[in-house]
Amino acid sequence: MAMWIQAQQLQGEALHQMQALYGQHFPIEVRHYLAQWIECQLWDSVELDNPVEEAKAKRLLDNLVSELQRKAQLQGGEDGFLLKIKLGHYANQLKSTYDRCPLELVRCIKHILHSEQRLVQEATNASSGGGGQAMDSLSQRHQQINQSFEELRLATQETENELRKLQHSQEYFIIQYQENMRIQAQLSSLSTLPPAERTQRETALQSKRTTVETWLTREASTLQKYRLDLSEQHQKTLALLRKQQTLILDEELIQWKRRQQLSGNGGPHEGGLDVLQSWCEKLADLIWQNRQQIRRCEHLTQQLPLPGPMEELLSKLNSDITDIISALVTSTFIIEKQPPQVLKTQTKFAATVRLLVGGKLNVHMNPPQVKAVIVSEQQAKALLKNESTHSFICLGSESSGEILNNNCVMEYHQATGTLSAHFRNMSLKRIKRSDRRGAESVTEEKFTVLFESQFSVGGNELVFHVKTLSLPVVVIVHGSQDNNATATVLWDNAFAEPGRVPFIVPDKVMWPQLCEALDMKYKAEMHSGRGLSEDNMVFLAQKAFTSSSNNPEDFRNVSISWAQFNRESLPGRNFTFWQWFDGVVELMKKHLKPHWNDGAILGFVNKQQAQDMLLSKPNGTFLLRFSDSEIGGITIAWVAENPNKQGERLVWNLLPYTTKDFSIRSLADRISDLNHLLFLYPDRPKDEVFAKYYTPPLSKAVDGYVKPQIKQVVPEFTTPKSEPSGGTPSFMDQTASPSISHPSSFGVYPSMSDTMLDAEGDFDLEDTMDVARHVDELLRRPMANQWSSQQS
């Protein structure tokens with residue numbers, strides 16, 4: 001309701017744009033009378049490209065119709081009679097319009113709500129003068145574009161008026177020319193008259209002819225000047241159109257594509273295309289009007305040829321305007337929803353392409369078909385050298401793979417005015433790889449999905465063959481390749497230059513640039529504004545460059561190569577810098593995201609730093625840091641007395657936990673189990689930080705059975721702790737790591753919280769076999785090794 005109240009306060013062009021959102025597809029009266037209900041529904045939860053969501057959309061449609069009918073029934077009295085009829089009519093209208101395509105209703109309402117929100121936000125920013133320099137700059141650019149459109153509109157209207165004047169003048173000229181021809185014919189027929197009459201008539205006709213011819217000569221010169229002046233005006237308008245089109249296509253659209261690319265690394269969403277589409281449609285409209293004017297000028301010139309350069313001038317104008325509209329159409333065939341950049345074979349994926357000027361040029365009257373083909377980096381380079389795309393794709397020997405369900409017809413959505421093709425069920429059946437260079441692996445090889453189509457505008461007057469390339473994709477055949485493939489994609493998305501040759505990226509970048517990309521990725525995965533701090537960046541630099549410097553300035557002007565990032569292993573490790581960092585991200589994303597967002601995890605701290613930090617704190621103070629030696633590991637470091645030497649304090653480190661450990665017992669519960677951990681660094685009581693994540697105590701015995709508990713203990717630091725039930729707890733141990741430098745290994749026993757019987761009381765063979773295999777493995781171990789490991 002709040003949004004609708006604000007929308008009603010819009011004025012001027014914003015109010016006009018808001019009103020234009022409504023029509024037969026969705027009456028503004030429905031928005032008004034059901035404002036609160038509409039704004040309370042979860043429209044964004046419906047995935048428009050997923051046919052499975054149609055049932056959810058159908059429920060929303062039925063509920064909308066029911067609300068309208070209920071609202072209609074509530075209207076009473078003389079004043080409410082007409083409204084009751086109108087709302088009932090709208091209920092039936094919406095039901096009949098969207099009953100077979102409920103997803104279109106959702107698409108329509110989402111478009112309306114997002115557009116209203118944008119218009120209200122723009123109006124708020126304009127009135128408050130806030131939003132910072134970026135918003136001011138954005139507003140200035142948009143204002144500049146809108147002012148240019150107004151100039152173009154006036155210029156086009158002026159040439160239209162001048163063209164009409166020229167047409168009227170030429171029509172009158174032709175009439176006078178025909179009059180002159182009639183006088184000439186009369187003069188020729190005077191020979192049959194008597195001499196006296198002939199002389200009298202001839203004198204009058206000669207005088208009249210002289211007057212007409214003088215006028216024709218003068219008017220011909222005037223017409224030629226009109227034509228030249230009009231041609232000059234069209235040249236100026238075309239120059240303005242080119243400038244405006246360059247601003248929109250080469251700056252605004254390119255920036256949108258760049259934001260789309262960065263969103264693949266976790267950057268902010270690229271934003272909607274509604275504003276861009278409205279600009280492109282205005283361009284298309286103005287270009288088409290000017291093209292029609294130029295063609296009418298050509299027709300007038302052909303109708304009345306006059307000496308001069310007009311034919312050449314008009315031919316040049318026609319060629320220029322055709323080039324402009326061709327550039328507009330081909331550049332606005334874009335990928336609205338990119339295919340996944342890490343693409344696994346035999347896996348379903350989706351993509352959406354859109355023609356921003358499709359509705360304005362009536363392309364939807366004969367909906368074109370779009371085809372998707374996967375091509376290699378070399379093939380993409382060849383395509384951009386203006387080689388024939390059509391013949392290129394037809395060469396079977398040149399195919400880089402086979403995509404199933406790769407044809408789709410573009411659909412026009414009247415509610416939003418968009419023309420798009422939704423590929424919902426594509427699947428890469430096979431891929432053909434090229435010969436790799438040097439140390440390049442399969443996860444460094446880049447492909448792209450080529451989308452192409454052909455259609456005509458203006459009654460087959462102009463035929464366009466359009467194509468667009470997706471962002472680079474890395475094809476994998478197994479999930480184990482995902483990590484390295486993601487590194488290739490992240491590097492490409494972060495450091496690709498606009499207009500590059502596919503898909504060239506620098507081999508080296510400055511360290512702060514990479515930090516920015518890593519921070520963007522990390523914040524996106526954590527769904528948090530808490531990204532990587534300067535200290536975190538220093539830690540990462542120390543790891544990447546094997547440096548001991550703690551000064552951030554030492555890394556400002558240092559470059560890092562792709563090989564250092566994800567080709568060469570870190571010193572003394574069997575994994576790369578990226579593999580370590582991605583392991584941290586995966587661990588945090590799956591299990592520890594809330595704790596990071598709470599500020600409970602320092603993470604990017606090495607063992608020596610942890611020791612220095614903790615030794616200045618009271619015993620029982622602990623911190624959480626990422627393991628240096630294991631991918632996706634996190635350890636607890638704490639300070640405590642040395643049980644073997646009175647008065648000596650040591651920093652202890654547990655063997656790192658991994659995803660496997662947290663799937664058995666959560667971090668919060670493990671910290672709760674360890675009674676010797678008292679304060680989270682620097683001085684926060686642990687229960688204050690982690691209590692809200694503790695698993696509630698188990699219920700008491702049911703039907704005579706007591707459910708076992710999994711608890712973590714470190715024997716050297718175990719102290720009795722009473723349970724809520726008052727009974728003795730049942731422990732499944734993890735042994736301690738008594739040494740700082742060489743923590744002992746400890747085993748994590750598989751969870752036995754589930755019984756051998758399932759919920760229905762049936763015997764579960766699979767669970768039983770898992771236990772049997774584990775017991776068998778224990779029995780096969782040599783007794784001496786078992787005994788020595790227990791003593792260590």
Side-chain angles (χ1 to χ4, degrees), residues 48-49 107 111 114 145 244-264 267-285 287 324-341 349-361 363-364 367-375 380 383-384 389 406-413 416-424 426 447-455 457 464-473 492-493 496-500 502-503:
L48 297 175
D49 296 333
R107 188 190 306 276
H111 170 71
H114 291 165
I145 290 171
Q244 182 80 329
Q245 184 159 295
T246 299
L247 182 61
I248 292 170
L249 299 184
D250 294 351
E251 292 187 30
E252 297 295 328
L253 184 57
I254 293 299
Q255 287 178 20
W256 182 88
K257 289 182 177 180
R258 179 60 181 151
R259 291 195 299 272
Q260 185 186 52
Q261 187 172 29
L262 288 176
S263 70
H269 189 267
E270 61 270 25
L273 285 165
D274 293 343
V275 173
L276 272 170
Q277 175 164 315
S278 70
W279 289 341
C280 292
E281 287 179 339
K282 286 180 182 178
L283 272 175
D285 198 25
I287 293 169
I324 292 173
I325 197 169
S326 296
L328 177 65
V329 172
T330 55
S331 298
T332 55
F333 183 68
I334 62 172
I335 302 173
E336 182 177 11
K337 178 184 177 183
Q338 292 281 343
Q341 288 188 263
F349 67 96
T352 301
V353 293
R354 179 166 163 181
L355 182 63
L356 297 180
V357 295
K360 183 59 68 174
L361 296 178
V363 177
H364 60 283
Q369 188 175 77
V370 184
K371 183 177 182 180
V373 181
I374 191 162
V375 296
L383 282 172
L384 295 189
T389 306
N406 66 329
N407 286 286
C408 185
V409 175
M410 299 194 87
E411 301 174 358
Y412 181 68
H413 307 283
T416 57
T418 58
L419 183 70
S420 54
H422 301 278
F423 293 84
R424 295 182 174 89
M426 288 193 290
F447 296 86
T448 179
V449 180
L450 166 70
F451 295 92
E452 64 165 351
S453 184
Q454 181 173 308
F455 51 83
V457 299
F464 296 103
H465 188 101
V466 295
K467 61 180 181 289
T468 185
L469 296 172
S470 75
L471 293 172
V473 300
D492 191 281
N493 286 345
E497 293 290 334
R500 63 173 172 172
F503 288 107

Find the distance between [atom1] ([X]) and [atom2] ([Y]) and round it off to the nearest 0.5 Å.
X      : Y      : atom1 : atom2 : value
Thr246 : Ile324 : OG1   : CD1   : 9.0 Å
Phe455 : His465 : CZ    : NE2   : 10.5 Å
Ile145 : Leu247 : CD1   : CG    : 4.5 Å
Arg107 : Thr416 : CZ    : OG1   : 6.5 Å
Leu355 : Thr330 : CG    : OG1   : 10.0 Å

[X] side chain to [Y] side chain, donor-acceptor N/O pair below 3.5 angstrom:
X      : Y      : answer
Asn493 : Gln341 : yes
Gln277 : Glu281 : yes
Gln255 : Arg258 : no
Ser420 : Thr418 : no

* Is the backbone N or O of Val329 less than 3.5 Å from a side-chain atom of Thr332, with the two atoms forming a donor-acceptor pair by type? ->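 Looks like yes, one N/O pair under 3.5 Å.
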
* To do: Heavy atoms only: give me the nearest Phe423-Val370 pair and the separation to one decimal.
  =>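 Closest approach of Phe423 to Val370: CZ-O, 3.6 Å.
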
* Taking all heavy atoms of Glu252 and all of Trp279, pick out the closest pair and write down the distance. =>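 Shortest heavy-atom separation between Glu252 and Trp279 comes out as CG-CZ3, 3.8 Å.
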
* So which of Ile254, Leu253, Leu283 actually passes side chain to side chain contact (heavy atoms under 4.5 Å, CB included) with Ile248? ->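 Going through Ile254, Leu253, Leu283 one by one, the side chain to side chain contact (heavy atoms under 4.5 Å, CB included) with Ile248 is satisfied by Leu283 alone.
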
* Close side-chain approach of Lys360 to Ile287, heavy-atom, < 4.5 Å ->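 They are not in contact (no side-chain heavy atoms under 4.5 Å apart), so the answer is no.
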
